[in-house]
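Input: a single structure, listed below in structure tokens.
Here is the naming used below: chain letters follow the sequence lines, and residue numbers restart at 1 for every chain.
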Amino acid sequence: MSQLWRATAPLNNLRKRAQIFAQIREFFATRDVLEVETPLMTSAAVSDPYIDTIECRYHPLPGQQEQSRYLQSSPEYAMKRLLASGSGAIYQICKAFRNGECGRRHNPEFTMLEWYRPGFDHHQLMDEVEALVAPLIGIDRFQRISYSALFRQYLQLDLQTATVQELAAITRQHIDIKMEDDNRDNWLNLLMSHVIEPQLDSQGAVFVYDYPASQAALARIAEDETGQPVACRFELFVAGVELANGYYELTDGGEQARRFQLDIAQRQSEGLPIRPTDSLLVDALESGMPECAGVAMGLDRLVMLALGTEQISDVIALPFDRA
Amino acid sequence: MANYPSNQFKNGLKVMIEGDPCSMVDVEFVKPGKGQAFTRVKLKNLITGRTWERTFKSNETAESADVMDTDMEYLYCDGEMWHFMDPQSYEQVAADKTAVGDAHQWLKEQDKCLVTLWNNNPISITPPNFVELEVTETDPGLKGDTAQGGSKPAKLQSGAVVRVPLFIEQGDILKIDTRSGEYVSRA
């Protein structure tokens with residue numbers, strides 16, 4: 001008999017996980033943030049080109065009239081529809097699903113904490129992320145650094161002037177890779193994940209904010225102090241692990257529709273699957289979503305950091321290969 | 001030869017990289033929340049022994065390498081080549097200096113070694129973790145010095161020179177850890 005039936009996470013880790021979930025719920029209860037649930041099985045898929053949604057099939061009659069549904073990769077669109085419906089501050093702890101994401105720090109089915117704060121901008125939300133996370137992982141000092149300052153500090157690179165060719169050349173100095181790409185963000189992401197993140201390992205908790213406008217995703221775009229357009233987006237790295245991603249949210253429905261179209265165009269040019277985008281989100285923004293900031297956090301990784309473990313299978317009872 | 005897609009990479013997989021057989025030592029899936037997925041692999045070149053990191057795109061593949069580890073018996077050295085025999089099939093292979101590398105100093109006739117074959121040619125030799133070799137040359141032992149520290153060089157029948165305690169005599173058989181090259185005990 002194989003041992004695949006057995007849980008991979010030690011019971012003590014599962015106890016710690018349950019304790020952290022209870023602390024999170026208490027944190028939001030005292031701050032009057034409402035716990036909500038939104039569908040896991042949705043009619044539209046995320047537009048981000050590099051997130052591949054898992055498709056499932058719904059049949060009104062067994063085996064007939066098949067309709068495609070998508071396992072949500074983040075509850076963002078649905079939670080924004082709640083915000084536009086007048087929910088006020090909300091949070092959710094839910095499963096999210098992503099095709100192909102399986103490894104030491106990835107499970108294709110993972111647990112996400114996502115919350116939205118009407119009236120906050122991304123800096124105020126970073127304060128709240130810090131207040132939640134600090135006691136759970138036992139780190140008090142959180143650094144904050146802009147994306148461009150980060151690249152200056154770790155790679156002596158000026159992002160305002162660096163061309164795609166220069167980014168590719170610098171990447172090849174650090175990484176052995178066969179890649180040709182005109183997409184500037186792909187090189188930046190490689191430098192971030194392969195060169196900078198490993199160096200953040202010794203830096204404790206680091207918020208990186210003001211991402212390039214081209215990496216705004218669903219964040220609004222503003223000017224930084226030098227007048228450069230930047231995305232009002234932040235990420236939190238703890239011990240070199242990408243833990244959370246937050247935005248001062250885009251509330252303009254027209255701009256949202258335009259970004260969906262850009263993502264579809266990129267998917268088409270790279271031969272990636274095209275799936276329906278969420279017109280209900282655009283409608284919700286057009287009917288009026290409050291100004292707010294929102295953030296998504298990987299809870300499996302949070303538990304890993306609290307326990308100091310290296311493998312996601314240490315904190316998920318039955319990971320993908322045993323699911 | 002088969003091609004492995006990067007999502008099937010795993011530790012121990014043997015692949016061809018730029019014409020040389022390599023072994024995957026560590027495989028990590030790297031995927032930022034919003035970015036492309038990559039597989040970062042620590043590779044060991046089985047010919048040169050060099051280890052380095054290489055990043056593969058998610059749609060990249062690597063050609064499998066016909067590499068096999070076989071237990072073989074060391075027979076003899078003819079001055080240029082080292083000869084090994086598969087004790088099951090009695091098939092013999094000859095390994096050159098590059099393949100044998102530092103292992104030559106631990107080889108004793110009839111000892112079992114791990115021979116790595118690429119396309120049936122030996123490319124590396126791993127001696128047993130522990131070997132027993134006779135001391136052929138060392139300064140006379142110091143009587144009554146079995147407890148104290150201190151060491152001296154001793155030359156072994158295979159040609160290796162190791163540090164040994166002062167009480168060791170010529171003709172003693174010693175147990176040596178080949179991974180560290182250190183004296184363990186008298187056999």
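With a 6.0 Å radius and a threshold of 12 heavy atoms from other residues, nucleotides or ligands, B:K42 has its NZ atom at or below the threshold. Residue B:D102 places its CG atom among 12 or fewer non-hydrogen atoms of other residues, nucleotides or ligands, all under 6.0 Å distant. B:Q8 CD: more than 12 foreign heavy atoms inside a 6.0 Å radius. Residue-environment remark: CZ (A:F320) stays at or below the threshold of 12 foreign heavy atoms within 6.0 Å. Within a 6.0 Å sphere centred on CD of B:E80, heavy atoms belonging to other residues, nucleotides or ligands number 12 at most. In B:K57, the NZ atom is crowded: over 12 heavy atoms of neighbouring residues, nucleotides or ligands sit closer than 6.0 Å. Atom CD of A:E310 has 12 or fewer neighbouring heavy atoms from other residues, nucleotides or ligands inside a 6.0 Å radius. No more than 12 heavy atoms of other residues, nucleotides or ligands sit less than 6.0 Å from atom CG of A:D182.
Atom CD of B:E60 sits about 7.0 Å away from atom CD1 of A:I177, to the nearest 0.5 Å.
Side-chain contact between A:K178 and B:F56 is absent, with no heavy-atom pair separated by less than 4.5 Å. Two residues are said to be in side-chain contact when any heavy atoms from C-beta on lie closer than 4.5 Å; B:D26 and A:R104 meet this criterion. Within the 4.5 Å cutoff, side-chain heavy atoms of B:Q36 are placed close to those of A:D181.
Look at B:K34 and A:E242 and you find no salt bridge, because none of the NZ, NE, NH1 or NH2 atoms lies under 4.0 Å from a carboxylate O. In summary, A:D176 and B:R40 do not engage in a salt bridge, as defined by a charged side-chain N under 4.0 Å from a carboxylate O.
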Walk me through it: do B:F38 and A:H194 pass the test side-chain contact (heavy atoms from CB on, under 4.5 Å)? CA-CA 10 Å; B:F38 294 96; A:H194 281 67; 4.2 Å; yes
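With chain B as partner, the option from A:G100, A:S74, A:S193, A:C102 having the largest number of non-hydrogen pairs under 4.5 angstrom is A:C102.
Of the atoms belonging to A:L188, not a single heavy atom falls under 4.5 Å from chain B.
Counting all heavy atoms, side chain and backbone alike, A:N189 lies closest to B:G35 at ND2-CA, 3.6 Å. Between A:I175 and B:T55, the closest heavy-atom pair is CG2-OG1, 3.3 Å.
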